[in-house]
Amino acid sequence: MDHLREIQTDGISNPREISRLAIDIGGSLIKLVYFSKDSSDHEDPLNDSVGVSNGVNGRLHFAKFETININDCLKFISANKLLLGGFQHQENPTNDRSFIKATGGGAYKFSDLFKEKLGISLEKEDEMDCLVTGANFLLKAVNHEAFTYLNGQKEFVQIDHNDLYPYLLVNIGSGVGMVKVDGDGKFERVSGTSVGGGTFWGLGKLLTKCQSFDELLELSHRGNNRVVDMLVGDIYGGMDYSKIGLSSTAIASSFGRAISNNNELDDYKPEDVSRSLLRMISNNIGQISYLNALRFGLKRIFFGGFFIRGQSYTMDTISVAVHFWSKGEAKAMFLRHEGFLGALGAFMSYERHSLDDLMINQSVQIPVDASCGTDTNYNPLERDLNETESMQCRVYQA
Ligand SMILES: Nc1ncnc2c1ncn2[C@@H]1O[C@H](COP(=O)(O)OP(=O)(O)OP(=O)(O)O)[C@@H](O)[C@H]1O
Ligand SMILES: CC(C)(CO)[C@@H](O)C(=O)NCCC(=O)O
């Protein structure tokens, strides 16, 4: 994970300009979102479009760490002085914040550690609240956030703000949560499954002996699941079972081929095992998601969570499952900031509370031409946004 830390320090030219950190501590990953003010920016009373004043230009930064390496995260926060209030700190140097907004189970589990190591309290925000706030924010404020992915084709979806709800939000983290979203702050967690990203990573690690999640993903790119999976054709002598709509190449039984001979695990290539596992889990999540969408008559399903990691094969499998089971009625959509929904929601929650010690009661406006990372070469169609990035934005005082 060290490499992540190195990348993530990029772009923080002046630590004193950092302000407003929020954190989402999940079962597998810790996600950070923080704002840094542009060093050239002066608080500008002019605001053309929304009639609020005191906007501050800056960037929203995104970073992640493995939860097992939480000490790296603490060091990162400390080294980059993320706990100092940037622009409010300059106004009132004695007024350093003594808490940060935190969500996810780790906000409870690691509360004492943050107090002990950083002297900071974690102000807890409900995980589901944050997920939904983060998703709604991204869908409404960020251009090119949601996209479909089918047959290798990525297509950005234009979100109609007046026709966004209801939708199903499926967050694929360690476990999977399925939330019916009816509006801002209006939602119900309708289902979930423990077969999620933690399952892929955990089982994959045991079966392939690989050392990192990225290695497991890398293996899956090179694998062939047909070696491990039992196909309809394997059972039907190469024929389709067309009467029930199953082609000979459809998977009849994930990992089912492993029973048909005396092979041991070592007889299978790790890449084939990884690919089969990724397909099994993605397919299963796609199917359960569709069934929940069907329960509530929802046509749009947005998938988030870091299991996805912008992976073609994962997204394709989920999309095909949703398309197949819904007979084309429901649509699977993915979010570019997939794993940061909760952290963004926690970040936005500063706004919901009136805090005397914060100069800025913020709302974040992402301009239409929001740029990510290095602005010049940014191509939203090609870029994988799973590593560190930042996003130009403007924070307003309400
Ligand atoms: N570098 C990585 N290291 C470990 N897991 C990764 C990595 N990148 C992606 N993943 C996948 O993302 C999953 C975690 O996703 P996410 O951060 O959205 O959930 P979480 O908040 O940790 O989990 P939960 O919400 O269930 O507590 C992992 O289980 C794994 O499948
Ligand atoms: C337990 C949480 C909410 C923690 O983020 C998540 O891992 C999850 O939704 N797991 C699935 C649990 C279930 O609904 O079966």
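Just follow the structure's listing: the first ligand is 1, and inside any ligand the first atom is 1.
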What do you think, any protein heavy atom under 4.0 angstrom from atom 1 (C) of ligand 2?
no
Side chain, backbone, both or neither: which part of Val176 has a heavy atom under 4.0 Å from ligand 2?
backbone
So for ligand 1, is Asp24 a polar contact partner (N or O within less than 3.5 Å, distance only)?
no
Verify the neighbour count for atom NZ of Lys124: are there more than 12 heavy atoms of other residues, nucleotides or ligands below 6.0 Å?
yes
Look at ligand 2 and say whether Gly105 reaches it with a heavy atom at a distance under 4.0 Å.
no
Side-chain donor-acceptor contact under 3.5 Å, Tyr236 with Ser248
no
Looking at Gly197, which atoms of ligand 1 are within less than 4.0 Å of one of its heavy atoms?
29 (O), 30 (C), 31 (O)
Distance-only, no hydrogens or angles: does the Ser349 side chain make a donor-acceptor pair with backbone N or O of Ala346 under 3.5 Å?
yes
Please determine if Arg222 and Glu218 form a salt bridge, counting it only when a charged side-chain N lies under 4.0 Å from a carboxylate O.
yes
Which of the numbered atoms in ligand 1 are below 4.0 angstrom from a heavy atom of Glu66?
3 (N)
Salt bridge flag under 4.0 Å for residues Arg226 and Asp234
no
Using distance alone, determine whether Asp214 and ligand 1 share an N or O pair under 3.5 Å.
no
Could you go step by step and tell me if Leu278 and Thr317 meet the side-chain contact (heavy atoms from CB on, under 4.5 Å) rule?
CA-CA 9 Å; Leu278 184 57; Thr317 306; over 6 Å; no
With heavy atoms of Ser194 as the reference, note each atom of ligand 2 found under 4.0 Å away.
15 (O)
Determine, for Arg257 against Asp272, whether the closest basic-nitrogen to carboxylate-oxygen distance falls under 4.0 angstrom.
no
Does an N or O anywhere in Arg189 fall below 3.5 Å from an N or O of ligand 2?
yes
Residue-ligand contact Lys31/ligand 1, heavy atom below 4.0 Å:
yes
Using 30° and 60° as the class limits, which term best fits the ring planes of Tyr167 and Phe302: parallel, tilted or perpendicular?
perpendicular
For Asp160, enumerate each residue passing the side-chain contact (heavy atoms from CB on, under 4.5 Å) test, keeping only those at least two apart in sequence or located in another chain.
Asn162, Asp163
For ligand 1, find out whether one of its N or O atoms is nearer than 3.5 Å to an N or O atom of Leu29.
yes
Below 4.0 angstrom from a heavy atom of Glu127, which ligand 1 atoms are there? Numbered from 1 as shown, please.
25 (O)
Does Gly198 come within less than 4.0 Å of ligand 1, judged by its heavy atoms?
yes
Is it the side chain (CB and beyond), the backbone, both or neither of Phe306 that lies under 4.0 Å from ligand 1, heavy atoms counted?
both
Taking only heavy atoms of Gly305, which atoms of ligand 1 are found under 4.0 Å from at least one of them?
18 (O)
Which residue and atom name correspond to the protein heavy atom nearest atom 11 (C) of ligand 2, and how close is it?
Thr193 O, 3.4 Å
Show which atoms of ligand 1 fall inside a sub-4.0 Å distance from at least one heavy-atom site of Gly27.
20 (P), 22 (O), 23 (O), 24 (P), 27 (O)
Does any N/O atom on Gly339 come nearer than 3.5 Å to any N/O atom on ligand 1?
no
Applying side-chain contact (heavy atoms from CB on, under 4.5 Å), run through Val179 and Met128 and close with a yes or a no.
CA-CA 8 Å; Val179 185; Met128 297 300 136; 4.0 Å; yes
Which atoms from ligand 2 have a heavy atom of Glu127 less than 4.0 Å away?
3 (C), 4 (C), 5 (O)
Identify which of Ser28, Gly106, Gly104, Gly196 has a heavy atom lying nearest to atom 28 (C) of ligand 1.
Ser28
Distance to 0.1 Å, residue and atom name: give those for the protein heavy atom nearest to atom 10 (N) of ligand 2.
Gly175 CA, 3.6 Å
Would Ser174 count as being in polar contact with ligand 1, using the rule that some N or O on each side must be under 3.5 angstrom apart?
yes
So do the side chains of Thr67 and Phe110 get within less than 4.5 Å of each other, counting heavy atoms only?
yes
Check for me whether Trp201 has a heavy atom closer than 4.0 Å to any atom of ligand 1.
yes
Consider every N or O of Ser174 and every N or O of ligand 2, then say whether any pair is closer than 3.5 Å.
no
Decide yes or no for Phe307 and Trp201: does some side-chain heavy atom of the first lie under 4.5 Å from some side-chain heavy atom of the second?
no
Under a heavy-atom criterion of less than 4.0 Å, does Gly175 contact ligand 1?
yes
ILVMFWY cluster, Val170 and Val190 together (side-chain gap under 4.5 Å):
yes
Evaluate the side-chain proximity of Leu168 to Val181: yes if any heavy-atom separation is below 4.5 Å, no if none is.
no
Would you call Asn136 and Tyr165 a side-chain contact if the rule is heavy atoms closer than 4.5 Å?
yes
